[in-house]
Protein chains: 2
Amino acid sequence: MPSVTLKDVAKVAGVSYATVSRALSGSPEISEETRRRILKLCKEMGYTPNSVARSMVKRYTNVLGLIVPSLNNPFMSELTGHLEIYARNRGYTLMVCNSSYDYDLQKEVFSLLVSRQVDGIIMIPVGHESYEPLNVLTSQVPTVFISENMKDYPENYVSVNNHRGMQIATEYLYSLGHRDILYFGARSDSKTHQLRLDGYLSSCEKLSIEPHVLRSSYTRSSREVGYAMGGEYFSRPHQETAILCAADMLAIGVMQAAFEAGIRIPKDISLGLRQHLLLRPAPDRPHHREPALPADGHRRGGHAVGADQKPGS
Amino acid sequence: MPSVTLKDVAKVAGVSYATVSRALSGSPEISEETRRRILKLCKEMGYTPNSVARSMVKRYTNVLGLIVPSLNNPFMSELTGHLEIYARNRGYTLMVCNSSYDYDLQKEVFSLLVSRQVDGIIMIPVGHESYEPLNVLTSQVPTVFISENMKDYPENYVSVNNHRGMQIATEYLYSLGHRDILYFGARSDSKTHQLRLDGYLSSCEKLSIEPHVLRSSYTRSSREVGYAMGGEYFSRPHQETAILCAADMLAIGVMQAAFEAGIRIPKDISLGLRQHLLLRPAPDRPHHREPALPADGHRRGGHAVGADQKPGS
DNA sequence: TACGGTACTGTAAACGTTTACACTATTCTA
DNA sequence: TAGAATAGTGTAAACGTTTACAGTACCGTA
C-alpha cells in the first residue's frame, strides 16, 4: 500500500529524483552507469511509476474511452475486445462504458469520460437524433463514431457500407435463383437501416424482382423482436424462398422462431445475416449448403455476405 | 482544449479556488448563496472537474481494472457489461484488459493496471498454475478472482459451484430417463474442470450408471475443439442418449458438428450446456422439448441447469 | 592560466486539485 | 462591552511526476 515513489528511490540511490525520472524515461543526458544502477534499484525496491502523476504534468493520459450500447451483442463485444488489444499495443488503456441504448445515459457517460481526461473517445452512438446535439460534448475531446446510426453525418466516423452490403446480399441470393426475397427489418428511422433497406430496394429494382418488406413496429433490432416477427410470419402462409435480415440479432430471433415452427434453415428457407448466409438450395439449382458455424474460427473468411459486410471483403 | 480549471472559475467569481472546490464538493462550510453563484458560474463556463488532479491528492482513482481472457466469449462479455454498469452506478469506472489466455500477458496487464493506480482489480485468471506466483502482483492492489481456475485457492474469489452444478445437470438428465450420458470435456487440469468432472462422476456413482468420459487432447474449451471432438464422435457408432458439455463454447462446437453430421438436437440426442439443456425425449418417457433460445430474454430463468449454474438458482 | 565546451546532475516550478490551518467578520454570551 | 464562539473565506502545502534552467566538474584548447 505505501507505494514506493521516485523520491524514495532517489533517496536510496543518493541522487535527486529528477535523475531517477530521467533514468526511467530513457533520457540521453544521463550516464549509462547511473542509469543501470538506478534501474536495478527501482526493480529491487519494487517501484511502479504512478501514471496519474505523470498524466498530471504531461497533459494527456494515454487512456481512451469507448462507449457501446451493450456488450451482450457479439458485434460490440468482439469489437471491444479487438479495440482494447489494438489500443494497448499502442500504449493506450481502454475505459469502457455502456450507454444501455439510452440517449441521455450516453451523454452522461461521455461527460464522465471527459472528466476522466481520456485522450479520445470511440463510440457506437444510440438514438436516432441528429449528431448535432452531441457537438457540445464531442468538441471537448477527439471523438470518432462507429456506424452511421443517425440522420446526419458527424465529422469523424467509420462504418461499413450498409447500402452496398445489402445490395451484394440481395444480388447473391438472386444469383442462387431466389426470386422471392423477404426483407426483415425493425421499424427504425436510423440512417443505418434506411441505407440497408435502400440497398435492398435498389437491387430489387435493378434485378426486376418484387420487393417484399416486413418491418416490425418495434424500433430495436433485438432477438426478441426477430423472434416475434418470425413467429408471426411463419404462422401464416408465405411464398418467399429467402429472408434477408437487417440485423444480426433480428436474424437470431428469426432462427429461433423458425426452429420452433419446425422450419429448417437452410433446408426450407434461406436466411441472410451479417456474418453468414444460411442458404436454402435454390429452386432450380443443385443443392448448396453452408455450415451454420465455420470450423476454423475465421468468421470473416469465406464468401459470406450480408448487411454489415464491408464491400470487397 | 484549453480546459477551464478551478482557478479560472475562481478568478471570475472573485473568490479563492479553495472556495470553488468547496462549493463543488458540497462542503458544509460555505454559504448557500456563494455555492449557488459558483455552481451557476461553473455551468456557464463549462467547467469540468479534472479527476486526474483529484486522484493525485486523494489517494484513490475510483477506477477498477478488469482482466478477462477474451471478450469473444458471451459469458465474459456479458459479465463485463454488467460489471461496468454495477461499478459505474457506484462511482467507479472500468478499465478493461484482455489477457488473451496468455499467462504472461495477464501479468503484464496486471502491472499496467497497477501503474494506472486502479483501486482494485477483478480478474478471470488464465493458466493452470498456482495462484501463488500471482501473489507478488496481487499484494499491490485489492484483487478478486472470478472462477476457481487454478490448482489452489486465492484469498478472494467468487465462483459458481462447479461440482454441484454438474451434479444437478447429471441428475436432471437421469430423471428424464437418460442412462447413457456422455461427458465431453477439454483436457484441462484446471480446478474448474476437475470439479465439473468430479461432479459428473459422483452423480454417476450415486445413480449407479456407468460414466462415459471423452476428453480432448487440447486444453482450451473452445468452439473449435468442441467441433473437432463432436465430428470425431458423431462419425463413429455411439450409444449415448445425452451429452453433457463441460463448457459452453465446447457445446456450441458440438452443436455445429451435430448439425453437419445431420444429427438433430434435441431430437436425436440431448445436449447439456451452461444456460440451457437441449433435450432429447427420454427413451421411455413422453416427449419433452426445450426451445433452443428462450423468447423472453430471461436466460437465467426457467429450469435450465448445467455446469456453470449456481446452486439453487 | 583562462576560457569554452561537454557531460552530467540538481533545483524548482508546474500540472489541477483537496484540505489543514489561519484569518476575518459577525453573532452570541456573560 | 469584552470575550468567545461561529460562519465563512483565504493561504499554502501536498499528491508524484516532468522538464526548463542552473549549476558543477572535468577536459581540451589557446
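Reminder, nothing fancy here: chain letters follow the sequence lines and each chain counts from 1.
- Spacing between atom NZ of B/K11 and atom C1' of D/dG10 amounts to 16 Å, rounded to whole angstrom units.
- Side chains of B/T19 and B/S16: a donor on one and an acceptor on the other come within 3.5 Å.
- Residue contacts shown for A/V52 are absent, as no nucleic acid heavy atom lies under 4.0 Å away.
- Taking the nucleotide of DNA chain D with the nearest heavy atom to each of A/N50 and A/K58, the more 5' of the two is matched to A/N50.
- Contacts of B/T34 with the nucleic acid, taken as non-hydrogen atoms under 4.0 Å apart, involve only primed sugar atoms and P, OP1 or OP2.
- Within the 4.0 Å cut-off from OP1 or OP2 of C/dT18, at least one side-chain nitrogen or oxygen of B/R54 is found.
- If you check distances only, the side chain of A/R22 does reach the base of C/dG10 with a donor-acceptor pair under 3.5 Å.
- In this structure, CG of A/D8 is placed 8 Å from P of D/dG16, rounded to the nearest angstrom.
- Nearest heavy atoms, B/S70 versus B/N98: CA-OD1, 3.5 Å.
- Checking the phosphate oxygens (OP1, OP2) of C/dT9, no side-chain nitrogen or oxygen of A/T19 falls inside 4.0 Å.
- Which of D/dG10, C/dT18, D/dG16 sits closest to the side chain of B/V57 comes down to C/dT18.
- Nearest heavy-atom pair, A/L113 versus A/G65, reported as atom, atom and distance to 0.1 Å: CD1-CA, 3.9 Å.
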Should B/V63 and B/V118 be marked as a side-chain contact (heavy atoms from CB on, under 4.5 Å) after you check the CA-CA gap, both sets of side-chain angles, and the distance that decides it? CA-CA 5 Å; B/V63 174; B/V118 296; 3.8 Å; yes

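- The shortest distance between side-chain heavy atoms of A/L71 and A/N73 does not fall below 4.5 Å.
- Neither OP1 nor OP2 of D/dG8 sits under 4.0 Å from any side-chain N or O of B/R35.
- For the pair B/L24 CG and C/dT18 P, the computed distance is 8 Å after rounding to whole Å.
- A/S21 comes within contact range of at least one nucleobase, with a heavy-atom separation under 4.0 Å.
- As rounded to whole Å, 13 Å separates atom P of D/dG8 from atom CD1 of B/I38.
- The side chain of B/Y17 lies closest to D/dA13 when the candidates are D/dG16, D/dT11, D/dA13.
- In this structure, B/L6 places its CG atom 15 Å from C1' of D/dT11, rounding to the nearest Å.
- Listed pair A/S55 / C/dC15 fails the phosphate criterion, with no side-chain N or O lying under 4.0 Å from OP1 or OP2.
- Rounded to whole Å, the distance from CD on B/E33 to C1' on D/dA7 is 14 Å.
- In this structure, A/R88 is not positioned above the aromatic face of A/Y92 in the sense of NZ or CZ being under 6.0 Å from the six-membered ring centre and within 45° of the axis.
- When the nearest nucleotides of DNA chain D are assigned to B/R59 and B/I30 by heavy-atom distance, the more 5′-ward of the two goes with B/I30.
- Applying the 4.0 Å criterion to OP1 and OP2 of C/dT17, one finds that B/Y47 has a side-chain N or O inside that range.
- As rounded to whole Å, 9 Å separates atom C1' of C/dA14 from atom NZ of B/K7.
- To the nearest angstrom, C1' of C/dA25 lies 16 Å from CD of B/E29.
- The B/S16 side chain lies nearest to D/dG10 when the options are D/dA13, D/dG10, D/dC15.
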